[in-house]
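Heads up: the structure comes next, in structure tokens.
Start at 1 with the first residue, then count along the sequence. Heavy atoms only: backbone and side chains are in, while hydrogens, waters and symmetry mates are out.
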Amino acid sequence: MSKIQQVIKERILVLDGAMGTMLQRNNFSEEDFRGERFKDFPHPLKGNNDLLSITQPEAVKQVHRLYFQAGADIVETNTFSGTTIGMADYHLEDLVYELNYESAKIAREVADEFTDRPRFVAGSIGPTNRTASMSPDVNDPGFRAVTFDDLRIAYKQQVEALIDGGCDVLLVETIFDTLNAKAALFAIEEVKEERNLDIPVMVSGTITDASGRTLSGQTVEAFLISIAHIDLLSIGFNCALGADQLKPYLKRLAMNTQLNISAHPNAGLPNAFGQYDQTPEEMQALIKEYLQDNLINIIGGCCGTTPEHIKAIAEVAKEFKPRTILENA
């Protein structure tokens, strides 16, 4: 049994907040994104946050450090778009292994600075910008922009680099299309088998709107059943909704699974300018309801959340025991 599997039985684990929100505070220019190494690269690179692990590593380290100082037990690597599919937008497919390896290494180094209690690094595996189960072309419903095999190959490269860089756990997150997630999980199982290792895996889906379904049309229960064949550390939801809107779906999840449950909601819903207005105190009050209702084992924040939000969440999480798992679920 890994260390994180032991600790999760003892207390609620706190996940970090938004990497993108924090990096945006630096107002990095195109030149900052490029650094010295990519100063003559023929394509624009601004906006490629994953690249900052190579060109601005100290900035990424500082984000991890601030979240650990705020009380996080787990930080996510800066690799949300770290596949050849995601990096194709920036013509940086050849950099994928290095991006993931360096991101994991950076997070590991910061985690090891904190010796008061176990601190963990989760390899962030995002959904990519393509969907395997739906057509992006309304005039051609049978068309697919990506295949299962394309995704499997891309995810496998990412997974290998994240493990090599020192991750304790892999987090397949912000799942809007479960077929994409299945490709990621298949790739993880392949790597585990080839290397004869067992690394814990977290899965986190996204309920996209008030319909209570993922973008590919699955209900909470359908999403759960479709990945139930994998041995997981946790299942949960993140992004898209704030803590208030997410709660009913976490309740449905809790009623139907014996797995640990995670949640890292946004800081409310975005305003007209795409900003998140929910204060740490407001979010803390909503998260406290999760804890009172015995819903979660891992709690953190997604878009718009900062170390201040995570500090408030960590403070209230200390007051409660982790979700007890129903034997009849």
**Message:** Taking side chain to side chain contact (heavy atoms under 4.5 Å, CB included) as the definition, give me every residue that meets it alongside L259, ordered by chain and number, with sequence neighbours left out.
**Reply:** L232, I235, T257

**Prompt:** Do the rings of F33 and F28 sit parallel, tilted or perpendicular, given the 30° and 60° boundaries?
**Reply:** perpendicular

**Connected-component partners of Y101 among ILVMFWY, side-chain separation under 4.5 Å** = Y97

**Message:** Other members of the hydrophobic cluster containing I4, with the 4.5 Å side-chain heavy-atom rule, please.
**Reply:** V7, I8, L13, L15, I74, F120, V169, L171, M202, L233, I298

**Request:** Output all residues satisfying side chain to side chain contact (heavy atoms under 4.5 Å, CB included) with D149, sequence neighbours left out; order by chain, then residue number.
**Result:** T147, R152, I153

**Item:** L179: hydrophobic cluster co-members (side-chain, 4.5 Å)
**Value:** F148, F186

**Item:** Electrostatic pair R11-D73, nearest N-O below 4.0 angstrom
**Value:** yes

**Message:** R252: which residues meet the side chain to side chain contact (heavy atoms under 4.5 Å, CB included) condition with it, sequence neighbours left out?
**Reply:** T219, V220, E221, Y249

**Request:** Tell me, please, which residues at least two apart from E93 pass side-chain hydrogen bond (donor to acceptor under 3.5 Å, both in side chains).
**Result:** none

**Partner set under salt bridge (charged side-chain N to carboxylate O under 4.0 Å, His left out) for K105, not counting sequence neighbours** = none

**Request:** Applying side-chain hydrogen bond (donor to acceptor under 3.5 Å, both in side chains), name anything that partners T84, two or more places apart in sequence or on another chain.
**Result:** none

**Request:** Could you pull out all residues at least two apart from T306 that satisfy side-chain hydrogen bond (donor to acceptor under 3.5 Å, both in side chains)?
**Result:** E308, H309

**Prompt:** How would you list, by chain and number, every residue that makes a side-chain hydrogen bond (donor to acceptor under 3.5 Å, both in side chains) with E194, sequence neighbours excluded?
**Reply:** K156

**Request:** List in chain and number order the residues that pass side chain to side chain contact (heavy atoms under 4.5 Å, CB included) with F38, two or more places apart in sequence or in another chain; answer none if no residue qualifies.
**Result:** R34, F41, L45, L51, I54, T55, L92, L95

